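One structure is given here, and the rest of the page talks about it.
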Amino acid sequence: MNKIIYLDAAASSLKPESVIKVQQDFLQNHYANAGRGICARSIYVDKTIAQSRKKVAEFIKTNPENIVFTSGTTDGINRIVNIIRGSDGFVGRPKVMVSDLDHHSARMPWEEAVNRGEIRFSLCPLDSEFNIDYSKIEKTDILVITAMSNVLGAPQDVKKIIEHARKLNKNVITIADAAQYVANLPIDVSDWDADFICFSGHKIGADTGVGIMYIKEPARWYPDKFGGGMVAKISGSLDNNDSKWTLESAPMVFEAGTLPITQIVGLPFAIDELQKHNDKQKLIKYLHTELSKIERIKILTKPDSHILTFVVNDMHCMDFGTLMGANGVCLRVGSMCASWIHKILGYNGTIRISVGQRNTMEEMKEVVKIIKKILEK
Ligand SMILES: Cc1ncc(COP(=O)(O)O)c(C=O)c1O
């Protein structure tokens, strides 16, 4: 088998050597649980996790107290629904506004609450270029913003969208799904001013199983998960089922149970790699130029998008993906867990190329050759 060309970073990115090495060293030489022990190893683990949290906080320009470790974006968004529900945020059946750019993970947890009759639903219109049209946002109580679609790869103006929504309702709760955005563009949380932001470690070079939930005002919200690590003291009559809890402060109060420790150890190294200069957009631009010369290809993304999505005339995306796979190229085909935007685009499935830190121009040239070979047959 020839060398694999991996063009599916938007689904999950390949891991830098530094992440692999530090996690291996941690597992072999430093492993212990976090927040539970008093031995030297436990203290080392606690310190390492605190450093990792600090690194993430610096990465998105906030404070460590605002950073909660989750297992990923999907986990974060489901948890936000539960946090809002548990903090009486669904009283009076508030209106939630989502958009057709949403990944299933960003929208389904809200639709589930709509189906249960807990909240009402509304849709934020897109403009002619499929970006969120903030000028058409109506008054809403909860607003979900996909900061960058995993199909179209264009950054949304999260700051303006939130500003506009707040003009209509100063108490609107705003949630940004930054799963794709964070892999491509820097985030400054004070600029966006969202109440919650979620992203996944595995899309930015960290391991699977670790994600981030930023909470702007942690003290405002009641936790959604209960158990070890989030309670400072249990008192009262312990034998009579009337124990009294003194909960930890943020962020621990949102981190019941054992954290994905090893993945958290690797996360700062992934962030360091991500912040190094790279030519990801140059590679996508090159492919955009070259593939737009192929008659059978219809490109659906803009040249300055962070991913390249297209369809091939008279060829099912699954067939194209299979042929590319047979030639050693891994890319994503299908609805990409983003059914709503596919409906609007008028396709059941599309083909997506996304690049990571490790991809090279030589690989792009090879991919163009392979695509030409497949489509010219
Ligand atoms: C925009 C967007 N949101 C949410 C998700 C879900 O992320 P995860 O599967 O890591 O929870 C993805 C994954 O592809 C995504 O692209």
Side-chain angles (χ1 to χ4, degrees), residues 6-15 19 56 60 68-82 98-112 124 126 130-132 143-158 161 174-185 187 192 194 196-214 260 263-264 266-267 270-271 274 280 284 300-301 305-309 321 330-342 344-345 349-356:
Y6 187 81
L7 300 180
D8 204 10
S12 201
S13 68
L14 297 181
K15 312 309 169 202
V19 171
V56 176
I60 61 169
V68 173
F69 290 117
T70 62
S71 72
T73 312
T74 308
D75 183 43
I77 293 176
N78 277 276
R79 290 192 60 187
I80 291 163
V81 172
N82 290 329
V98 300
S99 86
D100 283 336
L101 289 183
D102 296 333
H103 188 277
H104 295 171
S105 294
R107 180 147 151 192
M108 286 179 65
W110 304 100
E111 287 198 346
E112 176 60 15
C124 176
L126 303 183
F130 308 110
N131 292 312
I132 294 175
L143 176 65
V144 181
I145 305 154
T146 292
M148 181 181 285
S149 148
N150 62 318
V151 178
L152 297 174
Q156 300 303 297
D157 197 338
V158 179
I161 295 166
T174 53
I175 298 116
D177 170 356
Q180 295 297 333
Y181 193 104
V182 73
N184 294 293
L185 292 167
I187 293 178
W192 282 6
F196 296 93
I197 300 171
C198 295
F199 57 90
S200 306
H202 73 95
K203 290 186 196 287
I204 59 169
D207 204 348
T208 50
V210 62
I212 299 301
M213 171 170 62
Y214 157 83
Q263 295 86 335
I264 291 173
L267 184 57
I271 292 173
L274 188 71
K280 286 195 304 189
I284 290 291
L300 304 170
T301 43
S305 285
H306 292 268
I307 53 187
L308 182 78
T309 298
C330 300
L331 39 68
R332 183 82 197 263
V333 295
S335 74
M336 300 177 214
C337 302
S339 302
W340 301 286
I341 192 65
H342 273 91
I344 290 183
L345 292 170
T350 54
I351 301 153
R352 180 184 72 193
I353 290 179
S354 55
V355 297

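Not measured: the values here are computed from a predicted model. Counting convention: from 1, in listed order, for ligands and their atoms alike. Positions are given from 1, in the same order as the sequence printed here.
- Side-chain contact between D102 and D177 is absent, with no heavy-atom pair separated by less than 4.5 Å.
- I145 has its side chain out of reach of W192: every pair of non-hydrogen atoms, C-beta onward, lies at least 4.5 Å apart.
- For T301 and T309, the side-chain atoms include no donor-acceptor pair closer than 3.5 Å.
- Legend: residues meeting ring pair (Phe, Tyr, Trp, His ring centres under 6.0 Å) with W110, ordered by chain and number and at least two apart, are absent.
- Proximity of a side-chain donor or acceptor of S200 to a complementary backbone N or O of H202 within less than 3.5 Å is not detected.
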Would you mind listing each N/O atom of ligand 1 next to any protein N/O under 3.5 Å, plus the distance?
{"unit_1": "ligand 1", "atom_1": "3 (N)", "unit_2": "D177", "atom_2": "OD1", "d": "3.3"}
{"unit_1": "ligand 1", "atom_1": "3 (N)", "unit_2": "D177", "atom_2": "OD2", "d": "2.6"}
{"unit_1": "ligand 1", "atom_1": "10 (O)", "unit_2": "S200", "atom_2": "OG", "d": "2.7"}
{"unit_1": "ligand 1", "atom_1": "10 (O)", "unit_2": "H202", "atom_2": "NE2", "d": "2.7"}
{"unit_1": "ligand 1", "atom_1": "11 (O)", "unit_2": "T73", "atom_2": "N", "d": "3.4"}
{"unit_1": "ligand 1", "atom_1": "11 (O)", "unit_2": "T74", "atom_2": "N", "d": "2.9"}
{"unit_1": "ligand 1", "atom_1": "11 (O)", "unit_2": "T74", "atom_2": "OG1", "d": "2.5"}
{"unit_1": "ligand 1", "atom_1": "14 (O)", "unit_2": "H103", "atom_2": "NE2", "d": "3.3"}
{"unit_1": "ligand 1", "atom_1": "14 (O)", "unit_2": "K203", "atom_2": "NZ", "d": "2.5"}
{"unit_1": "ligand 1", "atom_1": "16 (O)", "unit_2": "Q180", "atom_2": "NE2", "d": "2.7"}

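- Distance CG/L126 to CG/L152: 9.0 Å, rounded to 0.5 Å.
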